Enquirer: 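Structure provided below as structure tokens; questions to follow.
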Amino acid sequence: MSSTTSATTTTTRRIVVLISGSGSNLQALIDALNTPTLPDAQIILVLSNRKAAYGLQRAAQANIPTAYLALQPYLKNNPGKTREDYDAEVAKIVVKEKPDLVVLAGWMHIMSERFLELVDGRKGLKGDDGVEVAHNIPVINLHPALPGAFDGAHAIERAYEAFQKGEIAHSGAMVHRVVKDVDRGEPVIVREVPIEKGEPIESFEERLHKVEHEIIVQAAAKVLEEVKPVQK
């Protein structure tokens with residue numbers, strides 16, 4: 001089994017983005033492409049697990065190829081297959097695009113080891129030529145909470161409620177490397193976001209989302225620079 005850590009010999013860094021919803025963080029990445037904040041970069045595919053995700057329209061408007069694969073229809077159409085098989089199928093779609101980076105931007109599905117081991121190179125995938133190749137592709141995820149705080153779903157609401165109870169003084173957002181344990185991977189970018197006394201949750205959420213739009217671009221640029229630096 002051979003291995004590769006770089007997708008192509010071209011200078012453009014290739015990104016695959018996985019989404020489930022409106023795609024506002026995807027839009028932040030699209031807007032940053034080939035600017036000083038995210039130079040020499042191209043989003044080569046946006047994959048959604050929800051057919052109605054508005055992020056698919058954002059991608060189409062930017063002439064970015066899209067794909068759709070949802071868990072329940074996959075299981076219904078493939079009797080005997082499991083959630084792990086679905087994760088492997090997502091990994092195959094991703095790896096086929098030969099990205100330098102995978103970004104989970106509001107992807108509301110917990111990835112199992114079957115996805116991770118195919119993307120991080122612990123297991124190879126056979127190409128069209130029948131040769132099994134291992135692809136070591138970094139995967140990062142945006143999470144609206146600080147490391148070790150409010151892992152999993154509804155993090156914004158849980159942080160706001162904890163602030164109201166006097167349990168925390170602030171919250172934040174991070175982009176972290178994806179591992180099997182939910183939201184427990186090594187942080188790439190972390191940013192604190194204050195919660196103002198008496199403010200409605202909508203105000204806090206709006207400020208948090210603005211921070212998310214900044215750090216998802218910063219984290220993508222940082223990891224890309226590690227795996228495929230911009231050629232001067």
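One-based numbering along the sequence shown. Keep in mind that this is a model prediction, so the values were computed, not measured.
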Enquirer: Give, for atom CG of Asn78 and atom CG of Asp85, the distance between the pair rounded to the nearest 0.5 Å.
Expert: 8.5 Å
Enquirer: Starting at OG of Ser24, measure out to CD1 of Ile19 and round the result to the nearest 0.5 Å.
Expert: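 Rounded to the nearest 0.5 Å, the OG-CD1 separation comes out at 10.0 Å.
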Enquirer: Could you go through the side chain to side chain contact (heavy atoms under 4.5 Å, CB included) check for Val230 and Glu225 one step at a time?
Expert: CA-CA 7 Å; Val230 172; Glu225 200 59 25; 3.7 Å; yes
Enquirer: Evaluate the side-chain proximity of Leu45 to Val17: yes if any heavy-atom separation is below 4.5 Å, no if none is.
Expert: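 Counting from C-beta outward, Val17 and Leu45 never come under 4.5 Å.
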Enquirer: Is any side-chain N of the basic residue among Glu212 and Arg191 closer than 4.0 Å to the acidic one's carboxylate O?
Expert: no
Enquirer: To the nearest 0.5 Å, what is the distance between NE2 on His170 and CZ on Phe163?
Expert: 11.0 Å
Enquirer: Please check if the side chain of Arg14 supplies one atom and the backbone of Leu101 the other of a donor-acceptor pair under 3.5 Å.
Expert: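 Not confirmed, Arg14 side chain does not pair with Leu101 backbone.
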Enquirer: Is there a chain of hydrophobic side chains (I, L, V, M, F, W, Y, each step under 4.5 Å between heavy atoms) that links Tyr54 to Leu47?
Expert: no
Enquirer: Looking at Arg207 and Glu202, would you say the former's side chain and the latter's main chain have a donor-acceptor pair under 3.5 Å?
Expert: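 Checking the backbone N and O of Glu202 against the side chain of Arg207, no donor-acceptor pair under 3.5 Å is found.
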Enquirer: Output yes when a side-chain donor or acceptor of Arg177 lies under 3.5 Å from a complementary backbone atom of Pro187, and no otherwise.
Expert: no
Enquirer: Working to the nearest 0.5 Å, report the span between CD1 of Ile64 and CD1 of Ile44.
Expert: 10.5 Å
Enquirer: Evaluate the side-chain proximity of Tyr86 to Asn49: yes if any heavy-atom separation is below 4.5 Å, no if none is.
Expert: yes
Enquirer: Tell me whether Arg58 contacts the main-chain N or O of Leu26 through its side chain, where contact means a donor paired with an acceptor under 3.5 Å.
Expert: no
Enquirer: What are the two closest non-hydrogen atoms of Leu118 and Val95, and how far apart are they?
Expert: O-CG2, 3.9 Å
Enquirer: With rounding to the nearest 0.5 Å, note down the distance linking CG in Asn34 to CZ in Arg13.
Expert: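 With rounding to 0.5 Å, CG (Asn34) is 9.0 Å from CZ (Arg13).
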Enquirer: Where do Phe115 and Val94 come nearest, in terms of heavy atoms and distance?
Expert: CE1-CG2, 4.4 Å
Enquirer: Do His176 and Asn141 pair up side chain to side chain, a donor and an acceptor below 3.5 Å, judged on atom types alone?
Expert: yes
Enquirer: Between Arg114 (side chain only) and Glu89 (backbone N and O only), is there a donor and an acceptor less than 3.5 Å apart?
Expert: no
Enquirer: I need the minimum non-hydrogen distance between Leu208 and Gly172, along with the two atoms involved.
Expert: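 Minimum heavy-atom separation between Leu208 and Gly172: CD1-O, 3.4 Å.
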Enquirer: Salt bridge or not between Glu161 and Lys165? Use side-chain N to carboxylate O under 4.0 Å.
Expert: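 A salt bridge is present here (some side-chain N lies under 4.0 Å from a carboxylate O).
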Enquirer: So Val103 and Val16, side chain to side chain contact (heavy atoms under 4.5 Å, CB included) or not? Walk me through it.
Expert: CA-CA 6 Å; Val103 181; Val16 169; over 6 Å; no
Enquirer: Less than 4.5 Å apart, side chain to side chain, heavy atoms only: is that true for Ile43 and Ile30?
Expert: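 Side-chain contact under 4.5 Å: yes.
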Enquirer: For His109 and Asp87, test the side chains for any donor-to-acceptor distance below 3.5 angstrom and give the result as yes or no.
Expert: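 Note: His109 and Asp87 side chains meet the donor-acceptor criterion.
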Enquirer: Going from CD1 on Ile201 to CD on Glu157, what distance comes out if it is rounded to the nearest 0.5 angstrom?
Expert: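 Output value for this atom pair is 5.0 Å.
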Enquirer: Does the side chain of Asp40 come under 3.5 Å of the side chain of Thr12 through a donor N or O and an acceptor N or O?
Expert: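 Distance-only check fails for Asp40 and Thr12.
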Enquirer: So, do Pro138 and Val227 sit near enough that their side-chain heavy atoms are less than 4.5 Å apart?
Expert: yes
Enquirer: Using the rule that two of Ile, Leu, Val, Met, Phe, Trp, Tyr join whenever any of their side-chain heavy atoms come within less than 4.5 Å, decide whether Leu71 and Val90 are in one cluster.
Expert: yes
Enquirer: Under the side chain to side chain contact (heavy atoms under 4.5 Å, CB included) criterion, do Val178 and Leu116 qualify, and how do the steps go?
Expert: CA-CA 8 Å; Val178 175; Leu116 294 171; 3.7 Å; yes
Enquirer: Check this for me: Glu196, atom CD, are more than 12 non-hydrogen atoms of other residues, nucleotides or ligands nearer than 6.0 Å?
Expert: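 Counting other residues, nucleotides and ligands, CD of Glu196 exceeds 12 neighbours.
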Enquirer: Short question: side chain of Lys222, backbone of Val188 - any donor-acceptor pair under 3.5 Å?
Expert: yes
Enquirer: List the atom of Ala41, the atom of Leu33, and the distance in Å for their closest heavy-atom pair.
Expert: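 Distance-wise, the nearest heavy atoms are O-CD2, 3.6 Å.
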Enquirer: Does the side chain of His213 come within less than 4.5 Å of Gln27's, by heavy atoms?
Expert: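 Answer no - side chains too far apart.
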Enquirer: With a 4.5 Å cut-off on side-chain heavy-atom distances among I, L, V, M, F, W and Y, is there a chain of contacts connecting Val102 to Leu69?
Expert: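 Same cluster.
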Enquirer: Could you pull out the closest heavy-atom pair between Ser171 and Ala159, with the gap in Å?
Expert: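 Answer, listing the atom of Ser171 first, then Ala159: OG-CB, 3.5 Å.
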Enquirer: Before you tell me yes or no, could you show the steps for Asp120 and Val139 under side chain to side chain contact (heavy atoms under 4.5 Å, CB included), namely the whole-Å CA-CA distance, both residues' side-chain angles and the distance that decides it to 0.1 Å?
Expert: CA-CA 8 Å; Asp120 68 18; Val139 184; over 6 Å; no
Enquirer: Under a 3.5 Å distance rule, please check whether Asn25 uses its side chain to pair with a backbone N or O of Gly106 as donor and acceptor.
Expert: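 No; judged by distance alone, with no hydrogens or angles, the pair does not exist.
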Enquirer: Would Met111 and Ile93 show up in the same hydrophobic cluster when neighbours are defined by side-chain heavy atoms closer than 4.5 Å?
Expert: yes
Enquirer: Closest approach of Tyr160 and Phe204, non-hydrogen atoms and distance?
Expert: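 It is CD1-CD2, 4.3 Å.
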Enquirer: Are Leu224 and Ile15 side-chain neighbours, meaning at least one heavy-atom pair lies under 4.5 Å?
Expert: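 They are in side-chain contact.
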Enquirer: Would you say Ser48's side chain and Lys51's backbone share a donor-acceptor pair under 3.5 angstrom?
Expert: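 Judged by distance alone, no pair lies under 3.5 Å.
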Enquirer: Could you check whether atom CG of Leu75 has more than 12 heavy atoms from other residues, nucleotides or ligands sitting under 6.0 Å from it?
Expert: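 More than 12 within 6.0 Å, yes.
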